[in-house]
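Encoded as structure tokens, the structure appears first; notes follow it.
Per chain, numbering begins at 1; letters A, B, ... match sequence-line order.
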Number of protein chains: 2
Amino acid sequence: MAIPLPGRQVRGSTTGKPIMALLDLLGRTWSLGIIWHLHTGPATFRELQQRCEKISPTLLNTRLKELKTLQLIESQASGYQLSQQGIDLFAIISPLGSWSLQWAQALKEESKL
Amino acid sequence: MAIPLPGRQVRGSTTGKPIMALLDLLGRTWSLGIIWHLHTGPATFRELQQRCEKISPTLLNTRLKELKTLQLIESQASGYQLSQQGIDLFAIISPLGSWSLQWAQALKEESKL
DNA sequence: CACCATGCTACAAATACTGTAGCATGGTGT
DNA sequence: ACACCATGCTACAGTATTTGTAGCATGGTG
């Protein structure tokens with residue numbers, strides 16, 4: 001699957017709008033998960049594999065390449081880590097952590113009724 | 001694919017943590033896109049199809065069911081719309097819109113070098 | 001009753017992802 | 001120098017997901 005570059009046509013949208021490229025990227029299996037798990041600090045390939053529990057090396061590598069091309073992560077001697085852009089992106093999505101807790105709670109309440 | 005319920009094992013994680021269920025959900029093709037496009041207001045099935053440009057009706061319907069089960073959207077006479085939870089979730093991710101613009105700009109600058 | 005729009009399903013083809021095996025490279029110890 | 005191990009990553013076949021097109025069922029309108 002082609003890397004979703006802003007300005008280009010991407011999966012699901014022909015407009016080239018950056019947000020569409022971003023939604024395409026984040027909508028791919030494991031993209032969000034990798035960013036999420038990398039936020040706890042740099043990780044080697046194998047360690048990242050473990051943080052992600054069940055990702056196949058094939059896909060991990062594919063996603064890493066995409067994320068690297070799109071400058072959300074970078075690889076250093078210490079392994080892979082979020083780039084400054086990646087950190088900024090994570091800052092936006094990090095509230096999802098606590099939001100998910102109250103969401104889970106709400107679903108639980110609902111199912112009691 | 002089973003609907004990613006918080007508390008259950010989901011694609012990519014066995015821990016049952018709500019955030020993992022959420023990442024699984026949002027990581028599915030078009031989930032984010034549907035939420036994004038619904039934020040501009042309620043839409044009928046066919047209208048939502050058009051907002052999403054290229055989604056197949058099969059998948060649109062599948063996602064709508066998931067999002068409805070997970071209480072992020074609800075269907076009314078006026079069509080589908082974000083639920084209160086969906087609105088809250090959108091509030092978190094909405095900065096992605098402007099973030100994507102500067103990200104696109106940065107990528108463009110980079111490619112000039 | 002013909003005509004049209006809408007919500008949605010069917011189903012086969014195309015695409016993406018998984019899982020296991022294992023190769024290539026670069027240490028470390030002897 | 002050589003066996004031994006860990007790491008980053010690729011190969012590839014099997015499986016799951018997504019797309020695309022066609023079209024059915026229902027309800028409203030003239």
Side-chain angles (χ1 to χ4, degrees), chain A residues 1-5 8-15 20-21 23-38 41-70 73-81, chain B residues 1-5 8-15 20-21 23-38 41-70 73-81:
Chain A
M1 197 162 35
I3 295 181
L5 287 166
R8 297 283 188 74
Q9 178 168 330
V10 299
R11 183 174 60 158
S13 177
T14 59
T15 62
M20 290 303 148
L23 294 182
D24 176 359
L25 176 71
L26 299 183
R28 295 179 182 194
T29 312
W30 276 113
S31 290
L32 276 167
I34 290 172
I35 293 171
W36 194 264
H37 286 300
L38 265 185
T44 62
F45 189 92
R46 296 231 171 182
E47 192 188 333
L48 199 45
Q49 250 184 119
Q50 288 173 345
R51 288 192 196 167
C52 291
E53 291 183 64
K54 304 198 137 181
I55 191 170
S56 69
T58 317
L59 188 60
L60 176 55
N61 191 246
T62 304
R63 287 291 170 271
L64 288 174
K65 277 181 194 158
E66 291 171 0
L67 293 170
K68 204 154 45 171
T69 301
L70 296 173
I73 65 171
E74 52 201 21
S75 48
Q76 303 282 297
S78 53
Y80 294 96
Q81 61 185 241
Chain B
M1 198 163 33
I3 294 179
L5 286 165
R8 298 284 188 76
Q9 179 170 332
V10 299
R11 181 172 61 157
S13 177
T14 59
T15 61
M20 290 303 149
L23 294 183
D24 176 0
L25 176 71
L26 299 183
R28 295 180 180 194
T29 312
W30 277 112
S31 291
L32 276 168
I34 290 171
I35 293 170
W36 193 266
H37 286 301
L38 264 185
T44 63
F45 189 92
R46 296 231 171 182
E47 191 187 335
L48 198 45
Q49 252 185 117
Q50 288 174 342
R51 288 193 196 168
C52 291
E53 292 184 63
K54 301 198 139 183
I55 191 170
S56 68
T58 317
L59 188 61
L60 176 55
N61 191 241
T62 303
R63 288 289 172 272
L64 287 174
K65 277 182 192 158
E66 291 171 0
L67 294 169
K68 203 154 46 170
T69 299
L70 295 172
I73 64 171
E74 52 200 22
S75 48
Q76 304 279 298
S78 52
Y80 293 95
Q81 61 183 242

Would you check if the side chain of B/Thr62 reaches a backbone N or O of B/Thr58 as a donor-acceptor pair within less than 3.5 Å? yes
Listed by chain and number, what are the salt bridge (Lys or Arg N to Asp or Glu O under 4.0 Å) partners of B/Arg63, not counting sequence neighbours? B/Glu66
At a heavy-atom distance below 4.0 Å, what parts of residues 47-62 of chain B sit against DNA chain D? B/Lys54, B/Ser56, B/Pro57, B/Thr58, B/Leu59
Just jot down the side chain to side chain donor-acceptor pair (under 3.5 Å) partners of A/Thr69, sequence neighbours excluded, or say none. none
Can you tell me the distance, in whole Å, between the CZ atom of B/Arg11 and the C1' atom of D/dT18? 12 Å
Shortest non-hydrogen contact between B/Met20 and A/Trp36, atoms and distance: CE-CD1, 4.3 Å
As a check on the pairing definition, encode DNA chain D in dot-bracket form, counting Watson-Crick and G-U wobble pairs whose two distances are under 3.5 Å, and using | for partners outside this strand. ||||||||||||||||||||||||||||||
Are the side chains of B/Leu60 and B/Pro57 in contact, using a 4.5 Å heavy-atom criterion? no
Side chains of B/Glu53 and A/Ser13 only: does a donor on one sit below 3.5 Å from an acceptor on the other? yes
Non-hydrogen side-chain atoms of A/His37 and A/Gln50 separated by less than 4.5 Å: no
Give the table of side-chain donor-acceptor pairs shorter than 3.5 Å for residues 41-49 of chain B, with sequence neighbours excluded, one pair per line with atom names and distance.
residue: B/Thr44; atom: OG1; partner: B/Glu47; partner atom: N; Å: 3.2
residue: B/Glu47; atom: OE2; partner: B/Arg51; partner atom: NE; Å: 3.4
residue: B/Glu47; atom: OE2; partner: B/Arg51; partner atom: NH2; Å: 2.9

Is it the case that the side chain of A/Asp24 and the backbone of A/Val10 share a donor-acceptor pair, with hydrogens and angles ignored and the cut-off at 3.5 Å? no
Test side chain to side chain contact (heavy atoms under 4.5 Å, CB included) on A/Arg28 and A/Arg11 and set out the steps. CA-CA 10 Å; A/Arg28 295 179 182 194; A/Arg11 183 174 60 158; 3.4 Å; yes
Hey, is the side chain of B/Trp30 poking within less than 4.0 Å of OP1 or OP2 on D/dT17, counting only N and O atoms? no
Identify, between A/Gly12 and A/Gly79, the residue whose nearest nucleotide on DNA chain D lies closer to the 5' end. A/Gly79
What integer distance in Å separates B/Arg63:CZ from D/dT18:C1'? 9 Å
Distance-only, no hydrogens or angles: does the A/Ser31 side chain make a donor-acceptor pair with backbone N or O of A/Leu25 under 3.5 Å? yes
Chain B reaches DNA chain C, atoms under 4.0 Å from its heavy atoms, from C/dT6 to C/dC11
What is the separation between atom CZ on A/Arg28 and atom C1' on D/dA16, rounded to the nearest whole Å? 18 Å
